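Scroll down for the structure; my scribbles are underneath it.
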Amino acid sequence: MKSFGSELKDQVTAVNQFVQSGIQFLNDIRDFIKERAQIEKDYAHKLETLAKKYASKKDKKSIALSVGENGLSSNQTEIGASFETSTFIKAWGRLLEEIENIAKDRHSLSEILSTAVVDRIKGVASKKEEFRKKHMIFAQKLVSDRDKIYAEKQKAKSRYDESCVEAQSSLQKQERAPDEKTLEKLKKQSIQDEVDMKNNKAANEYKKKYYHTDVPALIDHMQKLNESRIKAIHEIWNDYIGHELTVLSKTERHYNDIREALQKVDAEADSQLFIKYNKKEWDEPPDFFFEPSQAWEDNEELANDENAQVFLSNKLVKAKQRLTDYNSSIETKKKDISGMENLVDAYSKNPSLGNADVVNENLLETLREVTSLESMKTYYQTEVNSIIPVIGDISPEQKPHEFKSAAFTIPTNCDLCQASVWGIAKQGLTCKECGYNCHSKCEMKVPPNCTRKKGVINRGLVTSIAFSNPISPWGTLSSVPNYMSLAGASTPTSIQSTSTVVDQEVCLQATALYDYKAGGPSEISMRAGDTMVVLEPDDGSGWVQVLIDENSGLVPASYIEIENHEGIHRDYVRVLYDYKAQTAEELTIHENEIIQVTNRNIGDGWWEGIIDNQRGQFPAAYVEEYIG
């Protein structure tokens with residue numbers, strides 16, 4: 001194998017720099033391990049603090065999370081009475097304990113890294129640097145000795161030349177020796193001169209030794225020094241990794257202990273534990289009962305007069321329609337629930353198929369919807385069960401109207417109360433089958449006597465006092481076809497006429513300025529000079545509803561002149577509180593506004609009036625009497 005000495009001739013400086021850099025690199029490794037130890041120490045401290053913090057919280061909340069706040073009496077809580085701990089809290093406590101143990105192991109690792117690793121690296125670096133310095137001191141000595149030999153080279157050369165001259169001279173003198181004694185002496189001198197000449201060749205031999213023996217040996221020693229450094233740090237690294245793996249192994253054991261504790265969590269058992277400590281005697285709240293008003297003598301029985309039968313019959317029809325709709329919706333939702341439950345089960349067993357949590361969220365939302373639908377179903381079923389004993393079930397001969405919302409753009413009267421239902425602010429209803437028109441508020445009072453023929457209408461069967469127009473002719477029960485009778489209910493033969501004479505002392509009067517010929521069933525003809533009673537002033541539509549000779553209808557507002565003289569009573573109220581309209585039939589009113597009242601007999605605490613040329617209903621409790 002090649003070595004530094006054989007391959008790197010006279011490169012002591014380069015080898016020294018290489019070895020020195022390797023030794024200095026040990027300091028980087030030491031600093032890394034040192035900072036790593038500090039990180040581990042900080043982590044251990046934070047982990048231990050975290051575990052202790054939540055262990056303290058766990059101790060405070062164990063009662064609430066195991067047996068509930070009410071599971072122990074206040075006296076038991078104060079004296080620290082023992083109680084069973086839920087499997088969930090036990091697992092949580094074990095997790096916190098093991099986390100604290102992990103923190104301790106991490107703290108031990110920090111100590112080991114600081115001593116067994118950092119200090120060892122420091123010692124290796126110091127020892128190797130000491131050896132390197134000694135090698136370099138020896139290298140300097142070799143260079144010094146070499147330079148000394150080189151300094152003597154010139155002197156040696158002079159002595160060598162002198163020795164050569166002396167040796168040659170000795171030979172020449174031997175040839176001229178006068179006697180044997182002198183010759184013998186010259187021979188001895190010649191031998192000495194040759195020795196001196198050969199000795200003066202030593203500088204070259206020393207040079208060979210320096211470059212081919214001494215320096216290569218030194219460089220090889222430095223190579224061994226560097227390799228020993230690498231072997232030493234390699235051993236330390238192995239020990240460092242071993243310490244890390246030991247801690248990881250301990251950490252794994254801690255987490256396995258946590259997992260074992262988690263496997264003992266039993267949600268059902270925890271629920272039973274909560275039940276055990278919280279089960280108490282319970283009395284169901286009493287059922288509600290009818291409480292009559294102090295202002296009206298009444299009982300819990302539903303009314304069963306003619307008007308009530310119409311109202312209840314309509315309620316029964318709507319309730320049964322709603323029941324059908326809700327049953328259909330509930331059935332559809334339950335099918336969806338069954339499908340989603342299967343999906344949740346499949347996704348839970350194989351998460352790669354989909355997200356079980358997303359499906360479960362949709363499942364819960366659908367279950368909530370079904371709960372709401374079933375509550376409404378119960379509500380309407382109760383209505384049906386309450387109405388049928390009073391008026392009987394719906395007769396097959398009954399033909400309820402099929403109303404839909406409508407906005408009337410031409411003068412139109414309600415076919416029930418005969419009041420105007422025309423205008424943007426007055427949304428009404430129209431039967432799709434026969435064309436019966438009415439206010440939304442009148443819908444439930446319309447008898448279920450649809451003719452199922454467009455334009456053929458059976459009108460009213462209610463007393464007029466409940467509506468805005470007190471003069472509408474309602475007829476009698478005998479005018480209603482036989483198929484109108486309610487199954488199981490008694491049907492009187494007649495009711496008194498519902499017409500009421502208008503008190504002209506309290507209504508506005510008007511005089512016709514021009515002749516006018518009615519252009520539709522809701523209008524009335526008049527001649528110039530005719531006097532009339534104003535039933536509904538112009539609401540911004542340009543039409544006025546009037547009464548002429550016991551007949552009512554609409555006339556153009558510009559064709560009449562409303563009288564304004566003393567004796568005419570006008571009804572005004574002042575607004576006490578702001579109110580925002582909730583439907584198209586209501587008025588939005590503001591504090592201190594003045595409203596002209598047109599009807600105080602709408603019922604349910606509502607009046608009708610006009611403000612800013614808009615007619616509508618408003619809550620009577622929001623106003624006070626006003627005399628202008």
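Only a predicted model underlies this, so the values are computations on that prediction, with no experimental measurement involved.
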For the pair Q545 (side chain) and V534 (backbone), establish whether a donor and an acceptor sit closer than 3.5 Å, ignoring hydrogens and angles. no
Any heavy-atom pair between the side chains of L429 and K404 that's under 4.5 Å? no
Nearest-0.5 Å distance that lies between atom OH in Y54 and atom NZ in K61: 8.5 Å
Tell me, do N449 and H401 make a side-chain contact under 4.5 Å, heavy atoms counted? yes
Under the side-chain hydrogen bond (donor to acceptor under 3.5 Å, both in side chains) rule, what do N437 and T430 come out as? Steps first, then yes or no, please. CA-CA 5 Å; N437 300 320; T430 295; 3.0 Å; yes
Nearest-0.5 Å distance, NZ of residue K399 to CD1 of residue I394: 15.0 Å
Rounded distance [0.5 Å steps], OH in Y255 versus CD1 in I258: 6.0 Å
If only atom types and distance count, is the side chain of S338 paired as donor or acceptor with the main-chain N or O of K334 below 3.5 Å? no
Donor-acceptor contact present, side-chain S525 to main-chain A518, <3.5 Å: yes
Closest non-hydrogen atoms of A308 and D305, given as atom of the first, atom of the second and distance, are N-OD1, 2.6 Å
Taking atom NZ of K320 as the centre, report whether more than 12 heavy atoms of other residues, nucleotides or ligands fall under 6.0 Å from it. yes
Indicate yes or no for a side-chain donor-acceptor contact from D345 to the backbone of E341 under 3.5 Å, with no hydrogens or angles considered. no
In sequence, state the C-alpha distance, the side-chain angles, and the governing distance for C450 and E402, and then conclude on side chain to side chain contact (heavy atoms under 4.5 Å, CB included). CA-CA 8 Å; C450 180; E402 296 185 15; over 6 Å; no
Let's go through E331 and N327 carefully: what are the C-alpha distance in whole Å and the side-chain angles of both, what is the deciding distance for side-chain hydrogen bond (donor to acceptor under 3.5 Å, both in side chains) to 0.1 Å, and is it a yes or a no? CA-CA 6 Å; E331 186 65 25; N327 282 328; over 6 Å; no
Between K318 and E443 (salt bridge meaning N to carboxylate O under 4.0 Å), is one present in this structure? yes
Provide the closest heavy-atom pair for S329 versus L373 in the form atom of the first, atom of the second, distance. CB-CD1, 4.0 Å
Do V573 and W607 come within less than 4.5 Å of each other through their side chains, counting heavy atoms only? yes
Walk me through whether F311 and Q309 qualify under side chain to side chain contact (heavy atoms under 4.5 Å, CB included). CA-CA 5 Å; F311 180 82; Q309 290 182 23; over 6 Å; no
Between T451 and V456, is there a donor-acceptor pair closer than 3.5 Å when you use the side chain of the first and the backbone of the second? yes
If we check side-chain contact (heavy atoms from CB on, under 4.5 Å) with Y579, which of these qualifies: H590, E586, E591? E586
Close side-chain approach of V384 to L323, heavy-atom, < 4.5 Å: yes
Does CZ in R452 sit with more than 12 non-hydrogen atoms of other residues, nucleotides or ligands closer than 6.0 Å? yes
Closer than 3.5 angstrom, by distance alone: can the side chain of N355 be matched with the main-chain N or O of D357 as a donor-acceptor pair? yes
Find the distance between CD1 (I524) and CD1 (I548) and round it off to the nearest 0.5 Å. 4.5 Å
List in chain and number order the residues that pass ring pair (Phe, Tyr, Trp, His ring centres under 6.0 Å) with Y347, two or more places apart in sequence or in another chain; answer none if no residue qualifies. none
So does L547 get a backbone contact from the side chain of S552, meaning a donor-acceptor N/O pair under 3.5 Å? no
Separation of S372 OG from K377 NZ (nearest 0.5 Å): 14.5 Å
With the side chain counted from C-beta on, respond yes when K453 and C434 share a heavy-atom pair under 4.5 Å apart, and no when they do not. no
Does CZ in R574 sit with more than 12 non-hydrogen atoms of other residues, nucleotides or ligands closer than 6.0 Å? yes
Does the D270 side chain pair with the main chain of S86, one donor and one acceptor, at a distance under 3.5 Å? no
Pick from I589, I611, L587, I594: which one makes a side-chain contact (heavy atoms from CB on, under 4.5 Å) with V575? I589
Do V310 and P447 have side-chain heavy atoms sitting under 4.5 Å apart? yes
For E608 and R615: C-alpha separation, side-chain torsions, deciding distance, then whether salt bridge (Lys or Arg N to Asp or Glu O under 4.0 Å) applies. CA-CA 7 Å; E608 185 179 68; R615 179 187 295 274; 3.6 Å; yes
Supply the atom-to-atom distance E433 CD to I457 CD1, rounded to the nearest 0.5 angstrom. 12.5 Å
Residue set satisfying salt bridge (Lys or Arg N to Asp or Glu O under 4.0 Å) with E383, at least two apart, ordered chain then number -> K315
Apply the test side chain to side chain contact (heavy atoms under 4.5 Å, CB included) to residues N362 and V358: give CA-CA distance (whole Å), side-chain angles for both, the deciding distance (0.1 Å), then the verdict. CA-CA 6 Å; N362 294 333; V358 173; 4.2 Å; yes
May I ask you to decide if the ring planes of Y380 and Y326 are parallel, tilted or perpendicular, using 30° and 60° as cut-offs? parallel
Is a side-chain donor or acceptor of T588 paired with a backbone partner of A581 at a separation under 3.5 angstrom? yes
E624 side chain reached by Y626 side chain, heavy atoms, under 4.5 Å: no
With side chain to side chain contact (heavy atoms under 4.5 Å, CB included) as the criterion, how do V390 and L312 come out once you've worked through the C-alpha distance, each side chain's angles and the decisive distance to 0.1 Å? CA-CA 9 Å; V390 178; L312 292 176; 4.1 Å; yes
Counting N and O atoms only, with roles assigned by atom type, does the side chain of S328 sit under 3.5 Å from a partner on the main chain of T324, one being a donor and the other an acceptor? no
Taking the side chain as everything from C-beta on, heavy atoms only, tell me whether F403 gets closer than 4.5 Å to N314. no
